[in-house]
Amino acid sequence: MDTPSPGAPAVAGNASLAARDLKHVWHPCTQMHDHDIALDSRVPMLPIVRGEGAWLIDADGRRYLDGISSWWTNLFGHANPRIAAALADQARRLEHVIFAGFTHQPAIELAEELVRITPPGLSRVFFADNGSSAIEVALKMSFHYWLNQGRGHKTRFIALTGSYHGETLGALAVSDVALYRKTYAPLLLTPILAPSPDTYEGEPGESPAAVAARRLGELRVLLERHAHETCAVIVEPLVQCAGGMRMYHPDYLAGLRRLCDEFAVHFIADEIAVGFGRTGTMFACEQADVAPDFMCLSKGLTGGTLALSAVLTTEDVYAAFYAEYNAGKAFLHSHSYTGNPLACRVALETLAIFRDEPVLERNRALAEHLGARLAPLRDHPHVADVRQTGMIAAVELVADKRSREPWPAAERRGLRVYLHGLEHGALLRPLGNVVYFMPPYVVDTGEIDHLVDVATAGIEAAVA
Ligand SMILES: *Cc1c(COP(=O)(O)O)cnc(C)c1O
């Protein structure tokens, strides 16, 4: 073997890299015991050395179609040449600079562009460096807005059942996915939970719009009781992703906007997963023609290249903090890497791709193809629901189709789909019993066919 040049990765296969990884690295969202080499049900630790479009290539040269956009971040393919060139160019000019008292062109241009493309009224941009941090910023800013207005008794938040807003303590507090929240509950603020408008949880035969209307009625009752102590209602517009890709009707967002105005509480739209074209429109809120008071963005913001997030808010919110220094009204929140120039530059290039190419139009055709290919699964004896919003599709597996009794979580049926996928060249990572598809926008119809074929065979293996 040749001696690698300095800085170039050494040539090593899957087995040796995985063994070295497992000696020291602790992975997120993982019971590390699953990777124990002695286990029959062993989950492989896969070293990826290269990405190419929608594909990931491991150290043994095996290829996996990234059906989940690497945790919903990737939009335009791995190692996208256009994004890589922008990143390299920026790295040679300015990699980072303190963002208090200093600024730079990538952040300025990105703020201008985000204000231009988001719903009207959002004119102020606060940067942070990941999705959870953006949620922390929005929660603190909403509370602090009311405090600065002399309404410091507003200290609570309303969140939807089944919601997920991240895993730092504040973001986790307003989340309702037991897997992530239950253990840490003693450390968390207690949110007021409003029933999710999730169509799957509706009454048999109830239309998505009817579920939304009924849930708005229930939200109104909560607001009548709690608005005086509530800062904001926080929601994931249209799709509750980590909660199992549960989907709901846009009417709920329109009604939520009206209720927030009526009861003087903020509307926080967490578009971290659904923003940037995922649901068919650039932002999910557009489908209800609403503008929230806060919009949180991350994940696709950089095309899946670097960690960056942004919170957009209104002139009204901004003005509540704007005062002579000694009034003590300034917003206090800072991360060392706030507004990182590399991340901002890559985000600008991502948004430029949206301007230069007919992305949403192409996605419509891809989404239609995906939906058509998944439709036959509706008849499967262990599938209770096949649902789709734009470039997110999900298949709900159940033990019993009629009663919709789920498989017991301990059986880990979804994990069987995951393992089947890896053996057959596809990265599918079911959320419990929900097998979902959230591919990068650069997939073609043949690649969608591959994902659906592998998933279908994986489902057969999982329910056997
Ligand atoms: C992923 C996600 C977050 C958290 O973002 P991180 O960057 O993982 O901290 C918050 N909200 C939603 C809706 C998400 O999907």
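We number each residue from 1, following the sequence as shown. Each ligand, and each atom within it, is numbered from 1 in the order the structure gives.
Of all atoms in ligand 1, listed by their number and element, those nearer than 4.0 Å to a heavy atom of D270 are 10 (C), 11 (N), 12 (C), 13 (C). Close approach of ligand 1 to G166 is summarised as follows: ligand atoms under 4.0 Å from at least one heavy atom of the residue are 4 (C), 10 (C). Atoms of ligand 1 found under 4.0 Å from any heavy atom of G131, numbered from 1 in the order shown, are 4 (C), 5 (O), 6 (P), 7 (O), 9 (O). Listed by number with element, the atoms of ligand 1 under 4.0 Å from a non-hydrogen atom of A273 are 15 (O). Taking every heavy atom of W72 and a limit of under 4.0 angstrom, the matching atoms of ligand 1 come to 15 (O). The H165 neighbourhood of ligand 1 comprises atoms 10 (C), 11 (N), with distances under 4.0 Å to a heavy atom of that residue. Every atom of ligand 1 with a heavy atom of N130 under 4.0 Å away is listed here by number and element: 7 (O), 9 (O).
When non-hydrogen atoms are compared, ligand 1 lies under 4.0 Å from the backbone of S132 as well as from its side chain. The residue E167 has no part lying near ligand 1, judged by heavy-atom distances below 4.0 Å. If you look at W71 next to ligand 1, there are no close heavy atoms at all, none under 4.0 Å.
Between the side chain of D270 and the main chain of M295, no donor-acceptor pair closer than 3.5 Å is present.
Residue E236 has no N or O atom closer than 3.5 Å to an N or O atom of ligand 1. On a distance-only criterion, S298 and ligand 1 share no N/O pair closer than 3.5 Å.
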### Query
Do C285 and E271 pass the side-chain contact (heavy atoms from CB on, under 4.5 Å) test, and can you show the C-alpha distance, the side-chain angles, and the key distance before you say yes or no?
CA-CA 8 Å; C285 281; E271 294 231 11; 3.3 Å; yes
### Task
Determine, stepwise, if the pair R50 / E52 fulfils salt bridge (Lys or Arg N to Asp or Glu O under 4.0 Å).
CA-CA 7 Å; R50 208 155 53 78; E52 209 177 82; 2.7 Å; yes
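Atom OH of Y337 has 12 or fewer neighbouring heavy atoms from other residues, nucleotides or ligands inside a 6.0 Å radius.
Side chains of E136 and T168: a donor-acceptor N/O pair is present below 3.5 angstrom, by distance only.
Using a 4.0 Å threshold on non-hydrogen atoms, atom 5 (O) of ligand 1 counts as touching the protein.
A cation-pi arrangement is present between R404 and Y200 under the rule of less than 6.0 angstrom and at most 45 degrees off the ring axis. A cation-pi contact, defined as under 6.0 Å to the ring centre and within 45° of the axis, links R124 to Y318.
Shortest contact from atom 2 (C) of ligand 1 to any protein heavy atom: K299 NZ, 2.5 Å.
Paired with H333 under the rule side chain to side chain contact (heavy atoms under 4.5 Å, CB included), one option of K140, H144, M141 passes, and it is K140.
Here CD of E206 is found 9.0 Å from OG1 of T199. Values are rounded to the nearest 0.5 Å.
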